[in-house]
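Here is how names work: the chains are called A, B, and so on, in the same order as the sequence lines, proteins then strands, and each is numbered from 1. The figures here come from the full heavy-atom set of this structure, side chains too, leaving out hydrogens, waters and symmetry mates.
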2 protein chains.
Amino acid sequence: MPAEPQPASPIKDFDGFVALLRQRRPTLPKRLKQVADHALAHLDDMAFGSTAQIAERAGVQASTLVRFAQALDYSGFSEMQEVFRSRLRRQVVDHRERLAALRGTQAATGGAVALLEGFVHASETSLTQVKAAIRPADLDAAVTLLAGARTIVLVGARRMFPIVSYLAYAFGKLGIRAVLVDNVAGLGPEQAAIAGPGDVVLAVSYAPYAAMTVEIAAAAHRRGVPVLALTDSALSPLAENCRLWLEVAEADYGAFRSVAATFAVAMTLAVATAEKSGLSADPDLDR
Amino acid sequence: MPAEPQPASPIKDFDGFVALLRQRRPTLPKRLKQVADHALAHLDDMAFGSTAQIAERAGVQASTLVRFAQALDYSGFSEMQEVFRSRLRRQVVDHRERLAALRGTQAATGGAVALLEGFVHASETSLTQVKAAIRPADLDAAVTLLAGARTIVLVGARRMFPIVSYLAYAFGKLGIRAVLVDNVAGLGPEQAAIAGPGDVVLAVSYAPYAAMTVEIAAAAHRRGVPVLALTDSALSPLAENCRLWLEVAEADYGAFRSVAATFAVAMTLAVATAEKSGLSADPDLDR
DNA sequence: CGGCGGGCGGAATGTTTATTCCAATCTACG
DNA sequence: CGTAGATTGGAATAAACATTCCGCCCGCCG
């Protein structure tokens, strides 16, 4: 063979890798076949292990692993391992890579389109994640809580005010009693004070947590009002002062974080609550 | 140090780790808190990254990561990283099980998860469309228009109020003069009347078009104030009364329409305008 | 039967890794 | 305002790492 059979085709996605492996396996020498079989049978070993560990478990030499990767057109073991890792990663990787790529195109296009792609991609990432991360039991518990409320009091400020103002709109359309704490005239705490034990406070806040939201939620929780929180991590001050909380992770692009996943969850809560309450929505209420 | 403060309790499961972190966080020094926040926000970074990579992304020194792990009773970074990795290992198996479990619970739970998937899907569709449908030249023209404005007046009502309230937040953070027409006390038209020829009115409305938004936009247009519209079709009343309009198509699920694409466009406008104006954003303004 | 070449194991290599250490800096309290 | 302790950044270090290299082995064809 005078020239390289494969000049350069380092397959990045896992499915493509499996396909390539199936195709090449027959022509592979004994030890390399052995590695191939081990790889497909121990996927996360391949993702997390080092050459030494994997080699021992597969019953081969560490150098064989490198040869295996190179036989599949990768530059080395590490590059191949990335395929196994990307499979486990929650899409955040290629978010980073794209971000870097975007920086390049930005200059040429004037930047606005590149920014749009960045925000779109951050939103897509967030949506993918929320599907996997939401625990159905928690979601159902949240809906049950809301459906049992006499009045739902909506609290959110700054970045999250859009979410609660949307919820106020949606609940209104769906015929569910909800009041929006909009903090007009600085009366936020007073607006929220109408919440009693038969009501539910729905508080939304992500880092950095708006003081007003945290205080109102904490006060309600202290008074024995059920508080349902939408927040971004277990460390959130909201998570400590509530009856139940839903965790929604949003991806960010540049200095701005997506709100797509939070909106999807908010819409779900609104509609599911309406269904549970047995109220039928105005048929063409949102067109 | 004569005796270990903690004899040995290296927490192995991820949920336990989060709980521990939540408990210890208040007593942690600044940099370690920073690591804690980054860790929870970038879980797979923690699982796959090396100390050098993670440290850079978290804005700390590699040694700080080791100290962080040790502050949480691990022998070092590597031991702690195993927690993040084991979580992903589980997830692989989990994923199949969960999917099967979902199918089962769906009927029983009344379908909250199914609703979520529906809304997520509608959002994803909208995002895909907007990437293809937006014309870069229009987007750039919109940014140029906004960047030249003395003050940006934001108009949107009902379903679109979340968009403009978000824009008010974003522009504020970016140091761009913008006022939100929130129609408090029914003063919407008066609030919008401050807009003069050097300003720009940014109006957002989708069918069925809110009367207030349409009227304010038309009035401004008549007065010679540049109006930039975000709307859903060429037939929109907004499209007739403006200097420039961007078309954004949103998919709907059930009676509710996604807002994901509109949000992505709104964020783009905000950041691109800031960049064009030559103002640098507060580096960690939205975290 | 003998030589040739791909395949392989294992040591050698240079790089990257986690970790430790110490000096500089900051913080809090007197 | 000053000092003791905690906190931090950054260089130093040693272990682990992926990778390369070399020589041996084994099977195939002449």
Q) Could you state the CD-C1' distance from B:Gln53 to C:dT16, rounded to the nearest angstrom? A) 10 Å
Q: Answer yes if the ring centres of A:Phe263 and B:Phe263 are under 6.0 angstrom apart, and no otherwise.
A: yes
Q. Which residue lies toward the 5' end of DNA chain D, A:Arg67 or A:Gly49, if each is placed at its nearest nucleotide?
A. A:Gly49
Q: Figure out the CD/C1' separation between B:Glu56 and C:dT17, and round it to whole Å.
A: 16 Å
Q.
So, does A:Gln70 get its side chain near the phosphate of D:dT20, meaning an N or O under 4.0 Å from OP1 or OP2?
A. yes
Q: May I ask you to verify if any side-chain N or O of A:Ser63 is less than 4.0 angstrom from the OP1 or OP2 atom of C:dG9?
A: no
Q. Heavy atoms under 4.0 Å, any strand shown: does A:Glu79 hit a base, just sugar-phosphate, or nothing?
A. nothing
Q) Does B:Thr64 make a side-chain N or O approach to OP1 or OP2 of D:dT8 shorter than 4.0 Å? A) no
**Q.** Rounded interatomic separation in angstrom, taking CZ from A:Phe68 and C1' from D:dT19
**A.** 17 Å
(Q) Does the structure place the NZ or CZ of A:Arg87 under 6.0 Å from the centre of the six-membered ring of A:Phe14, at an angle of no more than 45° from the ring's axis? (A) yes
Q) If you check the A:Ser50 side chain, which of D:dT20, D:dT8, D:dC17 turns out closest? A) D:dC17
(Q) I need the CD1-P distance between A:Ile54 and D:dA16, as an integer number of Å. (A) 17 Å
(Q) Set out, in order, the CA-CA distance, both residues' side-chain angles and the distance that settles salt bridge (charged side-chain N to carboxylate O under 4.0 Å, His left out) for A:Arg159 and A:Glu250, then state yes or no. (A) CA-CA 13 Å; A:Arg159 224 152 46 84; A:Glu250 294 275 12; over 6 Å; no
**Q.** Rounded distance (Å) that lies between atom C1' of C:dT17 and atom CG of B:Leu65
**A.** 13 Å
Q. OP1, OP2 of D:dT8 versus side-chain N and O of B:Gln61: anything below 4.0 Å?
A. no
Q: Figure out the CD/P separation between A:Gln81 and C:dT16, and round it to whole Å.
A: 16 Å
Q: Taking all heavy atoms of B:Ala270 and all of B:Leu167, pick out the closest pair and write down the distance.
A: CB-CD2, 4.1 Å
Q. Angle class for the B:Phe17/B:Tyr74 ring planes (parallel below 30°, perpendicular above 60°, tilted otherwise)?
A. tilted
Q: To the nearest Å, give me how far apart OH (A:Tyr74) and C1' (D:dT20) are.
A: 21 Å
Q: Measure from CZ on B:Phe77 to C1' on D:dA15 and round the result to the nearest Å.
A: 16 Å
Q. Nearest to the side chain of B:Lys30, which nucleotide is it out of C:dA18, D:dT19, D:dT8?
A. D:dT8
Q | side-chain N/O A:Arg31 vs C:dG9 OP1/OP2, d < 4.0 Å | A | yes
